[in-house]
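Contents: one structure, followed by commentary.
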Amino acid sequence: QVHLVESGGDSVQSGGSLRLSCAATGYTVRNACMAWFRQAPGKEREGVAWVENDGGTTVAHSVKGRFTISRDNGKNTLYLQMDSLKPEDTAMYYCAAERNHGLGCGEGYIYWGQGTQVTVSS
């Protein structure tokens, strides 16, 4: 059974940094298609950062230059480094993963974590 467990969320002041972690069990992070999403109260869930099976990464325009997605295959963990945080980054952050069959990305995220809360005050 696949479990994705996020951690690292906290309350910080504007300009601060946080590193979110997503520890996977029953799932191999290596060569997987994974992503970070966030959802603020009253808003739709939005994608923040993506990593593809070949290691290529993408971040949303709103966080470009501030957020970095990475993974540690040895720890079987996905990360989101968040720097220069702004109040508008306040949201619940979720880790998500596609079925890891080694055939590329695009099937959709079927595994989700429970989320970790990030609150940024001005």
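Atom set for the values below is all heavy atoms of this structure, side chains included, hydrogens, waters and symmetry mates excluded.
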## Note on the structure
Scanning both residues in full, the closest heavy-atom pair of Gly47 with Ala60 reads O-CB, 3.6 Å
### Query
Distance from Lys86 atom NZ to Ser14 atom OG, nearest 0.5 Å?
8.5 Å
#### Entry: Least distance between heavy atoms, Ala32 atom then Asn100 atom
CB-ND2, 3.5 Å
### Task
Indicate if Tyr27 and Tyr109 have the same hydrophobic cluster label, given that clusters are the connected sets of ILVMFWY residues with side-chain heavy-atom separations under 4.5 angstrom.
no
### Query
Is there a side-chain contact between Met34 and Val29, using heavy atoms and a 4.5 Å cut-off?
yes
### Query
Can you name the nearest heavy-atom pair linking Leu80 to Ala49, along with the distance?
CD1-CB, 3.9 Å
### Side chain to side chain, Trp36 and Phe67, heavy atoms closer than 4.5 Å
no
### Query
Should Leu103 and Val51 be regarded as members of a common hydrophobic cluster, given that ILVMFWY residues are connected when their side-chain heavy atoms come within less than 4.5 Å of each other, either directly or indirectly?
no
### Task
Check for a donor-acceptor pair, side chain of Arg30 on one end and backbone N or O of Asn73 on the other, with a separation under 3.5 Å.
no
### Query
Parallel, tilted or perpendicular: which describes the rings of Trp112 and Phe37, with under 30° parallel and over 60° perpendicular?
tilted
### Test item: Met82 and Val118 side chains (from C-beta on) under 4.5 Å apart, heavy atoms
yes
### Task
Any chance you could measure Ser21, atom OG, to Arg71, atom CZ, to the nearest 0.5 Å?
15.0 Å
### Query
Do side-chain atoms of Glu6 reach the backbone of Cys95 as a donor and acceptor pair under 3.5 angstrom?
yes
### Query
Looking at Ser17 and Val12, what are the two nearest heavy atoms and their distance?
O-CG1, 4.3 Å
#### Entry: Atom pair CD/CD1 of Gln81 and Ile69 - distance to nearest 0.5 Å
12.5 Å
### Message
Do Glu98 and Cys105 have side chains that approach each other closer than 4.5 Å (heavy atoms only, starting at C-beta)?
### Response
yes
### Query
Is it true that Val59 and Trp50 fall in one hydrophobic cluster, defined by side-chain heavy atoms closer than 4.5 Å?
no
### Task
Check for a donor-acceptor pair, side chain of Thr90 on one end and backbone N or O of Val120 on the other, with a separation under 3.5 Å.
yes
### Query
Between Arg38 and Asp89, is any pair of side-chain heavy atoms under 4.5 Å apart?
yes
### Message
If I take atom CG from residue Leu4 and atom OG1 from residue Thr25, how far apart are they, to the nearest 0.5 angstrom?
### Response
7.5 Å
### Query
Any sub-3.5 Å donor-acceptor pair from Asn76's side-chain atoms to Ala24's backbone N or O?
yes
### Query
Are Val63 and Leu85 linked, directly or through other ILVMFWY residues, by side chains that come within less than 4.5 angstrom of each other?
yes
### Query
Quick one: do Tyr94 and Tyr79 end up in the same hydrophobic cluster if we chain Ile, Leu, Val, Met, Phe, Trp and Tyr together by side-chain heavy atoms under 4.5 Å apart?
no
## Note on the structure
Minimal heavy-atom distance between Ala35 and Leu78, with the atoms involved, is O-CD2, 4.0 Å
### Task
Compare every heavy atom of Ser121 with every heavy atom of Pro87, then report the nearest pair and how far apart it is.
CG-C, 4.4 Å
